[in-house]
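Order of listing sets the numbers, starting from 1, for every ligand and every atom in it. Keep in mind that the numbers below use all heavy atoms, side chains included, and drop hydrogens, waters and symmetry copies. The structure displayed is predicted, hence computed values, not measured ones.
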Amino acid sequence: MCGIVGAVAQRDVAEILVEGLRRLEYRGYDSAGIAVVDADSNMTRVRRLGKVKELSDAVDATQVSGGTGIAHTRWATHGEPSEINAHPHVSGDISVVHNGIIENHETLREVLRERGYVFESQTDTEVIAHLVEWERRTSETLVEALQKAVKQLDGAYGTVVVDRNDPSRVVVARSGSPIVIGFGVGENFIASDQLALLSVTRRFMYLEEGDVAEVTRRDVTVFDAQGQLVERDIAESNAEHDAGDKGQYRHFMQKEIFEQPTALINTMEARLTKDTVITESIGVNAAEILAKVEHVQIIACGTSYNAGMTARYWFESLAGVSCDVEIASEFRYRKFVTRPNSLLITLSQSGETADTLAALRLAKEKGYMAAMTVCNVAGSSLVRESDFAFMTRAGTEIGVASTKAFTTQLAALLMLVTAMGKQQQRIDGAKEAEIVEALHALPAQIQAALAYDKEIEALAEDFADKHHTLFLGRGEFYPIAMEASLKLKEISYIHAEAYAAGELKHGPLALIDADMPVVVVAPNNELLEKLKSNVEEVRARGGLLYVFADAAAGFEADDSMKIINLPHVSEITAPIYYTIPMQLLSYHVALIKGTDVDQPRNLAKAVTVE
Ligand code: GLU
């Protein structure tokens, strides 16, 4: 779930490993560790609770030397964050790092105890170390031992193993948690994300699901899940070294919009199996707490507030748990009543939003059963001060107007809702599988939605000379309309408002004329017919409509209505999907108007003041 780095080289690798971990810090973690073996089979292991910086200082002080090593940043799922539970885990001569969760760890623990193994940690990972040690005794090679061991594992893992008796190789396995191999000159590397290795190589090979591989200084041998020798492609990466580089894009915001398929893959990584959400991936004791929650109180500001508003529909409709969402600056200054067994959830990209942080601190004294944050910045105040944190892993977001942080928050919240519904037996296996399938399909669907860029750019011309815009949606698409209107306001300075479409005739209909474009978010769901009536209400008053619709929704374009037909996607994830064309619309309107897209006037990225 967090970070893995490994190396087989002639030179000392400790520094490369620690630098790799540093590059993965954005993912969030609670502890870090390293194990290095030198040519004489001396193994040095250093682990620290807390930051990579602390590990790095300890590594310097210990003078760790050796050309073969593995390193890890841990985000605890089984067993508290502590030095003892930090990876690498050791059994005899075997050292192991692991990302993910071993679901059958309890059964394996029993078996291994009977064989005489003594467990040092509370982690699920330690079973891998003992299993490989056990299998090594009767295997010709280390890779064979790992192949035998992974056959016994259920769950998700990316794992790297080293045997101190043979520092010429490390072996790795991938199932549900990515592993990439980086090729150097006379040295090779392993990581959970190529980002960790960009300082040492640009040539990468991604392992596929079920692969087990052996990596030496000169060779990489890969076996598929059936144990057959296979070739995997090696590709040259042109990934940006630095999140602070716009690369081929004109603006950071544009780059961040286009990064969303990858960002979402990162958000979901090792948190989903093929058809389930892995509840433990939300945090230690998450299963226990989620089972008891009777009410959810979400606190947020700005875009995060809109994500919370969307999640409210999901908490109530999917998990059957009541949910309130409130703007942090209001919540913190009013006298509120804490409902029994309430879970407090703060949402923030930066984790430093002053009002949200103040609301969290206040709420902690008011009897919430637990405080959780859904956040993008590891180590931020919200992450540190909450009982548990669900990292969105969107990567650095530089554009002031939030894009990928929003869609990854939504994906994280949908996983949380599903886990809660499951723990409370309100979401059955079939429903869970449907949600998880929709989540898995999302990155590719969003990739396809980005191809509407040109069509939306053409549409944007109509908005650039207008002073007002109205966005309409119903149900969970109402907060998506709110987010769309916020985006347009922020970066194009056009006044925009969002209304629940059913509210039109209670006021805003009076505003409708040919000078105020009306944007409608129109998926093909059970509210479609109602939404169509709202569209007619606008049309009858001479309004100009821009409908983003499911192709099967049956809207017909004419002089007063332009339609962007989008392919059908699952109703569950459609709010995330429909956000993409809305972001593109704001971006292009701002571009035509020539505003400062990445740093709109009067706004700041992390709002650390009240
Ligand atoms: N499940 C493992 C643990 O709790 C690995 C967590 C991770 O992916 O960092 O130690």
Side-chain angles (χ1 to χ4, degrees), residues 1-6 17 20-35 45 47-52 55 70-91 95-109 119-132 149-150 153-161 172-180 190-193 196 265-273 276-288 378-379 383 388-391 393 412 415 419:
M1 222 154 301
C2 286
I4 286 182
V5 192
L17 297 177
L21 293 184
R22 203 186 54 74
R23 285 163 187 260
L24 299 178
E25 278 191 293
Y26 78 94
R27 301 172 61 83
Y29 63 99
D30 47 59
S31 51
I34 184 175
R45 173 170 63 157
R47 298 179 293 171
R48 283 295 178 272
L49 180 64
K51 299 279 115 192
V52 171
L55 177 73
I70 54 179
H72 189 256
T73 43
R74 172 174 189 246
W75 185 259
T77 66
H78 294 66
E80 56 173 20
S82 66
E83 196 168 306
I84 284 284
N85 285 334
H87 305 205
H89 289 286
V90 173
S91 177
S95 305
V96 171
V97 290
H98 160 229
N99 276 357
I101 286 170
I102 305 305
E103 286 173 332
N104 59 338
H105 71 103
E106 271 168 5
T107 327
L108 291 171
R109 232 169 220 267
F119 280 80
E120 264 188 5
S121 77
Q122 300 144 345
T123 64
D124 51 338
T125 302
E126 199 178 340
V127 302
I128 308 180
H130 296 313
L131 259 187
V132 174
V150 295
L153 304 177
D154 293 336
Y157 52 84
T159 186
V160 188
V161 180
V172 303
R174 168 197 172 141
S175 181
S177 200
I179 292 284
V180 60
I190 300 100
S192 50
D193 181 335
I265 289 171
N266 285 336
T267 310
M268 296 187 278
E269 181 204 310
R271 289 168 168 167
L272 301 177
T273 66
T276 63
V277 173
I278 303 173
T279 306
E280 292 88 344
S281 70
I282 294 168
V284 181
N285 301 336
E288 210 179 300
V383 170
F388 48 113
F390 199 40
M391 302 308 298
R393 305 178 185 154
M415 288 190 272

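Judged by the shortest distance from any of its heavy atoms, G79 lies outside the 4.0 Å radius around the atoms of ligand 1.
Centroid-to-centroid, the aromatic rings of F119 and H130 come within less than 6.0 Å.
A heavy-atom distance below 4.5 Å is not found between the side chains of S31 and R47.
Here the options are I70, V161, V127, the test is side-chain contact (heavy atoms from CB on, under 4.5 Å), and the partner is V96; only V161 passes.
Counting non-hydrogen atoms of other residues, nucleotides and ligands closer than 6.0 Å to CD of E106 gives a total of 12 or fewer.
On a distance-only criterion, D124 and ligand 1 share at least one N/O pair closer than 3.5 Å. Between T123 and ligand 1, not a single N/O pair is under 3.5 Å apart. The shortest N or O to N or O distance between A76 and ligand 1 is not below 3.5 Å.
Rounding to the nearest 0.5 angstrom, the gap separating the CE atom in M415 from the OG1 atom in T276 is 12.0 Å.
Each of the atoms 9 (O) of ligand 1 lies under 4.0 Å from some heavy atom of H72. Near H78, with a cut-off below 4.0 Å to any heavy atom, the atoms of ligand 1 are 4 (O). Within the listing of ligand 1, atoms 8 (O) sit less than 4.0 angstrom from a heavy atom of N99.
Here T125 has side-chain heavy atoms under 4.0 Å from ligand 1, and that is the only part of it that gets that close. Neither the backbone nor the side chain of E280 has any atom closer than 4.0 Å to an atom of ligand 1 (non-hydrogen atoms only).
Looking only at atom types and distance, the side chain of H72 has a donor-acceptor partner in the side chain of N99 under 3.5 Å away.
Note: H87 and H98 have parallel aromatic rings, judged against thresholds of 30 and 60 degrees for the angle between ring planes.
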